[in-house]
Asks: 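My questions all concern the structure below.
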Amino acid sequence: MARHAGPSSGVPDPSEGAASSDTVASFDGAASSEAGSVRLTARVFGVVQGVGFRYRTMGKAEELGLTGEVKNLADGSVGLVAEGPQWKINELRTWLNSERTPGRVERVEDSISAAEGNFRSFRAR
């Protein structure tokens, strides 16, 4: 069952260091702050709060060596920004859309853009 739903707008809030983008699914090779690095901005909908989703997502991102953050949003969804090599970001996207995530993911809206290099580690907020 495919749960990817395409682009999201403004997740997390751009005023908190994240960028929104209209680019979806693939990265066209535009320049990034670190050679080969891209930024995934995603919003995850479903039963994803109060089920360990943020901490398992942080663990997966750390396992992949990504930087960024994941946080609960007021509407019950979870916002995510992750940066790293394209292939590692693709692994995280695959995991987000898999049955291995905690809770019940109904859909994932995401976009890929050039990495900005704003993060030093990955954290759950």
Side-chain angles (χ1 to χ4, degrees):
M1 173 173 137
R3 298 189 293 187
H4 178 264
S8 64
S9 59
V11 176
D13 185 332
S15 67
E16 296 178 348
S20 61
S21 171
D22 293 327
T23 305
V24 179
S26 66
F27 182 70
D28 64 7
S32 66
S33 61
E34 192 174 316
S37 288
V38 297
R39 172 178 278 217
L40 169 67
T41 304
R43 190 165 179 178
V44 184
F45 297 89
V47 179
V48 291
Q49 290 191 14
V51 294
F53 186 87
R54 288 178 301 141
Y55 293 98
R56 290 274 304 277
T57 301
M58 182 176 68
K60 184 64 175 175
E62 288 174 336
E63 173 187 317
L64 292 168
L66 301 174
T67 61
E69 67 181 18
V70 60
K71 66 180 181 178
N72 287 337
L73 300 175
D75 67 355
S77 65
V78 171
L80 164 74
V81 175
E83 291 188 351
Q86 177 76 53
W87 71 272
K88 290 183 178 186
I89 292 294
N90 288 342
E91 274 197 43
L92 181 62
R93 288 178 76 209
T94 297
W95 182 81
L96 288 171
N97 284 286
S98 76
E99 299 299 323
R100 297 184 309 268
T101 57
R104 189 181 76 240
V105 174
E106 292 174 2
R107 78 180 189 276
V108 177
E109 297 177 355
D110 67 14
S111 62
I112 302 288
S113 59
E116 296 180 11
N118 299 5
F119 304 102
R120 293 183 182 199
S121 63
F122 200 94
R123 66 181 180 169
R125 294 180 19 166

Asks: Show the nearest heavy-atom pair for residues I89 and A82, with the distance to one decimal.
Replies: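 Looking at all heavy atoms of both residues, the closest pair is CD1-O, 3.5 Å.
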Asks: Who pairs with T67 by side chain to side chain donor-acceptor pair (under 3.5 Å), at least two apart in sequence or on another chain?
Replies: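 Listed in chain order: nothing, the list is empty.
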Asks: How many angstroms lie between atom CD of E83 and atom CD of E69, to the nearest 0.5 angstrom?
Replies: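 The distance works out to 10.5 Å.
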Asks: About how many Å separate CG of L40 and CD of Q86, when rounded to the nearest 0.5 Å?
Replies: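 Between atom CD of Q86 and atom CG of L40 there are 9.5 Å.
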Asks: I would like to know whether L64 and W95 meet side chain to side chain contact (heavy atoms under 4.5 Å, CB included); could you show each step before the answer?
Replies: CA-CA 11 Å; L64 292 168; W95 182 81; over 6 Å; no
Asks: Looking at L73 and Q49, what are the two nearest heavy atoms and their distance?
Replies: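 In terms of heavy atoms, the two residues are closest at O-NE2, 2.9 Å.
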Asks: Which residues satisfy the side chain to side chain donor-acceptor pair (under 3.5 Å) test with K88, sequence neighbours excluded?
Replies: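 Counting only residues at least two positions away or on another chain, K88 forms no side chain to side chain donor-acceptor pair (under 3.5 Å).
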Asks: Should V105 and L96 count as side-chain neighbours, where that means a heavy-atom distance under 4.5 Å?
Replies: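 Heavy-atom side-chain distance check fails, nothing below 4.5 Å.
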Asks: Would a 4.5 Å heavy-atom cut-off, applied to side chains only, mark W87 and E91 as touching?
Replies: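 Contact flag for W87/E91 side chains = yes.
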Asks: Tell me, do F122 and V70 make a side-chain contact under 4.5 Å, heavy atoms counted?
Replies: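 Yes, side chains in contact.
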Asks: Considering all heavy atoms of both residues, which atom of V44 and which atom of F53 are nearest to each other, and what is their separation?
Replies: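 The answer is CG1-CZ, 3.7 Å.
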Asks: Look at the side chain of R56 and the backbone N and O of R100, then say whether any donor-acceptor pair between them is shorter than 3.5 Å.
Replies: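 Yes: the side chain of R56 pairs with the backbone of R100.
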Asks: Where do V108 and A42 come nearest, in terms of heavy atoms and distance?
Replies: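 Where V108 meets A42 most closely, the heavy atoms are CG1-CB, 4.3 Å.
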Asks: Please list, chain by chain and in numerical order, all residues satisfying salt bridge (charged side-chain N to carboxylate O under 4.0 Å, His left out) with E62, sequence neighbours excluded.
Replies: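 Checked E62 against salt bridge (charged side-chain N to carboxylate O under 4.0 Å, His left out); zero matches.
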Asks: When you compare the side chain of L80 with that of L92, does any pair of heavy atoms fall below 4.5 Å?
Replies: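 With C-beta onward as the side chain, the pair touches.
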Asks: With the side chain counted from C-beta on, respond yes when R39 and N118 share a heavy-atom pair under 4.5 Å apart, and no when they do not.
Replies: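 Touching, per the 4.5 Å side-chain cut-off.
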Asks: Does anything in residues 72-81 form a side chain to side chain donor-acceptor pair (under 3.5 Å)? List the pairs, not counting sequence neighbours.
Replies: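 Only R43-D75, R43-S77, R54-N72, D75-S77 qualify under side chain to side chain donor-acceptor pair (under 3.5 Å).
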Asks: Quick check for you: to the nearest 0.5 Å, what is the distance between L66 atom CG and T57 atom OG1?
Replies: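 The CG atom of L66 sits 11.5 Å away from the OG1 atom of T57.
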Asks: Locate the shortest heavy-atom distance separating Y55 from A124; write the atom from each residue and the value.
Replies: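 Residues Y55 and A124, closest heavy atoms: CE2-CB, 3.7 Å.
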Asks: Find the distance between CZ (F45) and CZ (R107) and round it off to the nearest 0.5 Å.
Replies: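 Taking CZ in F45 and CZ in R107, the distance rounds to 4.5 Å.
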